[in-house]
Amino acid sequence: MSERDSTTLLLALLLSVASFASVAAGDGEAKALLNWRDSFNDKSKPTLSSWINHTNLCRNWKGISCDKSMSVINISLPNLNLQGTLYSLNFAAFPNLLYFDISWNQLYGNIPHEIGNLSSLLMLNLSNNSFRSPIPPETCNLTTLYRLDLTTCKFTGQIPHEIGNLRNLKVLWLGYNSLSGSIPEEIGMLSNLLELHLGSNSLSGRIPSSIGNLTMLQQLFLQENKLAGAIPNELWKLYYLNNIQLYDNRVSGPISPSIGNMTNLAKLYLYNNSFNGQLPQEMNNLTSLRDIRLSDNHFSGPLPQQICQSGMLANLSADHNHFTGPIPTSLKDCSSLKRLSLDNNQIIDNITDALGVYPYLDFIDLSGNQLYGYLSSRWGKCQNLTQLIIHNNKLSGDIPPELGEITKLGLLNLSSNHLSGKIPKELGNLTKLMKLSLSHNNFSGNVPSNIRSLSQLEILELAANNFNGSVTRELGELKGLRVLNLSKNKFDESIPLEFGELQELEQLDLSDNLLIGTIPSSLGMLPKLQLLNLSHNNLTGTIPSSFSGSMSALFDVDISYNQLEGPIPIKPAFHNFDALKNNGLCGNVTGLSSCDNSQTNRHGHKISIKYWIIFLLLAILLLVLIGGSFIFYRMVTKAKNKDEEALLEDVFFVRILEKEILYKDVIKATEEFDDKYLIGKGSQGSVYRAELPTGDIFAVKKLHSISSWEMSSRKALISEIQALKEIKHRNIVKLYGFFSNAQFSILVFEFLEGGRLDNILKNEEQAIEFNWKKRVNVVKGVANALSHMHRGCSTPIVHRDISSKNVLLSSEYEEAHIIDFGTAKFLNPNLSNMTWFLGTVGYVAPEIAFTMKANEKCDVYSFGVLTLEIIMGKHPRELILSLAENSTTKDLLLKEILDPRLYTLRKPVPREVILVAKIAFSCLNENPQSRPTMEQVSIELVRTPESHLLDQFYTLTIGQLMRD
């Protein structure tokens with residue numbers, strides 16, 4: 001064989017071997033992909049129907065691409081509704097994979113540690129899935145990555161410190177997850193990074209100064225976290241940054257003058273933080289600014305006057321601060337402006353010439369300042385304006401007719417100024433207007449009749465002006481009107497009958513006018529009317545019988561200071577209203593005389609004497625039949641009921657922090673206990689969230705069946721009120737007030753944002769945020785509250801229903817508050833400390849099965865069950881049963897029963913958790929006398945755990961804890 005032939009043969013052999021190796025590699029990759037597909041939910045498999053064995057995966061398989069050697073380099077399967085996990089995918093089978101994109105699917109479970117085997121990977125996109133796990137540190141072994149996208153995956157835990165290994169990374173997106181802890185200093189090692197997105201997590205602590213090492217960074221997203229402290233000066237030196245988003249954090253301190261060096265900055269979002277001080281004048285150097293949002297901080301001093309010198313500024317939001325001085329002069333020629341919010345500051349300026357023409361302006365709010373001068377006719381040239389708000393200033397003069405040229409205007413609010421003159425008829429051209437508020441000015445004349453053309457109008461507020469004459473009847477043609485306020489004017493004549501056509505009307509206020517005549521019966525047929533104020537007029541006649549119909553929405557009525565007569569309607573709204581200066585009204589309401597037989601009933605018919613006689617005879621007969629037993633019953637219960645009634649009357653005046661809580665405000669805030677405000681239900685009643693006009697938020701407990709005053713409900717009510725009046729403790733829910741009438745009996749409590757403990761433990765994300773430190777604090781809080789009830793009150797109180805559903809947490813899950821005292825009992829020290837039992841199954845002490853009575857030690861047992869539930873993350877019923885039946889259960893390791901959602905986060909378990917577990921088991925002793933008191937538990941919880949327990953944590957058994 002010649003040398004040439006030998007060379008040819010060798011080359012052929014090499015090609016054959018390479019081809020065989022390539023086929024073998026392809027077979028391995030195909031097998032790995034098919035195994036992964038087979039693990040998916042059956043509904044997912046049809047989307048990958050092209051994945052067929054023994055076919056060319058590089059050419060025919062959906063989402064798969066290969067290199068020249070037929071090795072897979074790209075797996076791209078976004079938005080295919082895939083349902084499954086990554087557990088079955090053999091990552092080691094893809095040594096040449098460059099791109100892996102499985103975003104926008106329904107994948108779940110942990111990210112396997114084997115993902116670190118993708119040693120050639122350049123881009124990894126797992127975004128918009130539901131992994132609900134920590135980010136595995138092995139992800140940071142992918143040192144060739146230039147793009148990592150893990151947004152919206154419900155990841156938990158901390159950002160791995162190994163993140164600094166990804167030195168080639170240009171894009172790091174970890175936003176919209178549940179990541180906690182601080183931003184690691186190692187983030188500063190990513191010197192090639194262009195985009196950093198950590199927003200919408202639960203990150204805390206300070207922004208690390210090492211972020212200043214990211215000298216190539218262009219976009220920084222840290223919004224919607226819990227970051228605090230000042231911005232490090234190093235950040236302001238990042239010259240290439242064009243987008244900074246820090247809003248919705250707790251960042252404080254002033255803005256450094258170094259910001260003036262960031263001439264590429266286009267977007268700066270700092271709103272909803274605690275920044276203070278004056279804005280540096282160096283901000284005038286930011287010639288690329290397009291969008292700056294500084295709202296809801298504590299900034300003071302003047303705004304930078306040349307903030308729009310670039311001519312590109314589209315949005316300036318600086319509302320709710322303490323800015324003073326004039327409106328920036330550069331805004332007058334800032335034709336690029338689309339949105340301007342300077343409201344709620346102390347800006348002083350003459351508005352007449354301070355602002356210019358803005359062809360793109362959509363929204364402007366200058367309210368709550370000290371602006372003066374006239375409204376310019378130039379506003380009519382802002383053709384794209386949809387909202388013009390300048391209320392609560394010192395504007396004077398009239399409304400320029402040119403405002404009628406802003407045909408896209410949907411909201412016009414000029415209230416609380418010194419404007420005068422008449423409403424120009426040109427405002428009738430604003431056919432898209434939904435809200436018109438001109439209240440608290442000096443307008444006169446009447447409302448122009450062409451207001452009927454404002455067909456989209458929902459809110460019309462003209463109160464506190466000098467309007468006069470008859471009320472414009474054309475207002476009745478505004479069929480979409482929800483709020484109509486014409487109060488505190490000089491309207492005379494009668495209420496237009498046309499108002500009965502306003503079927504969407506929710507609020508009607510005609511008070512403080514000179515109206516005469518009767519109340520139109522058509523007003524009593526408005527199905528959505530909630531508030532009606534006709535007070536301080538000269539109305540006569542009776543209240544129409546139509547008000548006794550199906551006006552279920554009506555809850556607030558004021559007809560005082562008129563000349564009305566006759567009976568009031570039998571409606572709840574008329575049983576809690578001011579009827580002063582209507583001497584002819586009658587009815588079964590406090591302050592009114594009852595209607596006699598010479599007055600009409602609610603249907604307008606005379607009550608016949610014959611029917612009175614029949615009624616009296618029947619009543620006498622009924623009394624004869626049941627009189628004896630009734631009198632006896634009343635003799636027995638009279639004293640007790642008298643005490644209870646006195647208690648209820650007394651509780652009505654319970655107030656905390658000088659807050660006056662009115663019944664009608666509660667009804668209004670909950671829209672008559674609409675289900676959309678419902679936050680919980682129990683055996684005694686339902687609990688609603690109520691936000692009052694003052695901004696205060698309360699929890700309102702509406703009790704079941706109190707209208708008939710059933711004995712069991714009444715006893716629960718009396719018990720709860722008495723208990724909460726007696727108890728004052730930071731870990732016991734505060735009672736603000738009580739109210740009862742024929743329809744409702746309600747208790748008003750403090751509102752706790754965190755919610756019920758049982759719901760938090762059931763929710764994966766919330767349970768992880770509810771970390772060991774917070775759980776220990778909650779255990780301590782419950783213990784302190786029970787200790788106070790048992791030993792700190794003048795008469796000891798036993799709760800009798802301690803459970804996870806009766807513990808509420810603060811917004812950060814750090815403080816516990818015991819609720820639901822409907823089963824609580826006061827223990828008379830001179831008698832047996834035993835009372836009939838009520839409680840929740842699963843938390844009940846074993847001796848209850850024999851005695852059916854409960855005392856302090858029953859609360860201790862329930863506390864033990866609750867404590868185990870907190871550290872286990874679920875109810876411990878199986879563990880407790882097995883401890884009673886099987887001694888081998890005591891050989892279980894403590895670490896095996898702890899909540900795995902926290903224990904698997906690779907964080908050390910605090911030593912207090914061991915102490916809490918030890919105390920919990922001591923509270924579960926079958927012998928009540930061997931259980932500690934809650935006072936002893938409270939004291940023990942502040943002690944330092946024994947060192948030998950800490951040293952043996954990984955081998956510590958339940959039996960050892962119980963013996964110790």
Centroid-centroid under 6.0 Å between [X] and [Y] rings:
X: Tyr108; Y: Phe131; value: no
X: Tyr688; Y: Phe673; value: yes
X: Tyr271; Y: His320; value: no

Discussion item. Could you check whether Glu138 and His113, counting side-chain N and O atoms only, form a donor-acceptor pair closer than 3.5 Å?
Written reply: yes
Worksheet entry | Test item: side-chain donor near acceptor, Asp859 and His790, under 3.5 Å | yes
Do side-chain atoms of [X] reach the backbone of [Y] as a donor and acceptor pair under 3.5 angstrom?
X: Asn731; Y: Val782; answer: no
X: Asn177; Y: Phe155; answer: yes
X: Arg775; Y: Phe770; answer: yes
X: Asn771; Y: Lys774; answer: yes
X: Asn276; Y: His298; answer: no

Contacts of [X] that satisfy side-chain hydrogen bond (donor to acceptor under 3.5 Å, both in side chains) - sequence neighbours left out:
X: Asn806; result: Asp801
X: Lys874; result: none
X: Ser295; result: Asp319
X: Asn784; result: Ser938

Under the salt bridge (Lys or Arg N to Asp or Glu O under 4.0 Å) rule, collect the residues that match up with [X], sequence neighbours excluded.
X: Glu224; result: none
X: Glu186; result: none
X: Glu162; result: none
X: Arg206; result: none

Please identify each residue that fulfils side chain to side chain contact (heavy atoms under 4.5 Å, CB included) with [X], with sequence neighbours left out.
X: Ala920; result: Thr867, Leu868
X: Ser804; result: Leu757, Asp758, Tyr843, Leu866, Glu869
X: Glu671; result: Asp674, Lys676, Tyr677

Worksheet entry | NZ/Lys773: more than 12 non-hydrogen atoms of other groups inside 6.0 Å | no
Worksheet item: If you draw a 6.0 Å radius around CD in Glu926, do more than 12 non-hydrogen atoms from other residues or ligands fall strictly inside?
Response: no
Worksheet item: Does the pair Asn201 and Tyr176 meet the rule for a side chain to side chain contact (heavy atoms under 4.5 Å, CB included), with working shown?
Response: CA-CA 6 Å; Asn201 281 288; Tyr176 302 100; over 6 Å; no
Worksheet item: Any cation-pi pair here, Arg931 with Tyr861, using under 6.0 Å and within 45°?
Response: no
Discussion item. Salt bridge check, Glu812 against Arg250: does any charged N sit closer than 4.0 Å to a carboxylate O?
Written reply: yes
Practice prompt. Could you name each residue pair satisfying salt bridge (charged side-chain N to carboxylate O under 4.0 Å, His left out) that touches residues 174-185, not counting sequence neighbours?
Written response: none
Worksheet item: Glu815 and Arg730: salt bridge (Lys or Arg N to Asp or Glu O under 4.0 Å), yes or no, with the steps?
Response: CA-CA 9 Å; Glu815 189 167 77; Arg730 64 177 297 176; 2.3 Å; yes
Practice prompt. First locate atom CD1 of Ile768, then atom OG of Ser133, and finally report the distance between them rounded to the nearest 0.5 Å.
Written response: 8.5 Å
Worksheet item: Relative to the ring of Tyr247, is the ring of Tyr269 parallel (under 30°), tilted (30 to 60°) or perpendicular (over 60°)?
Response: tilted
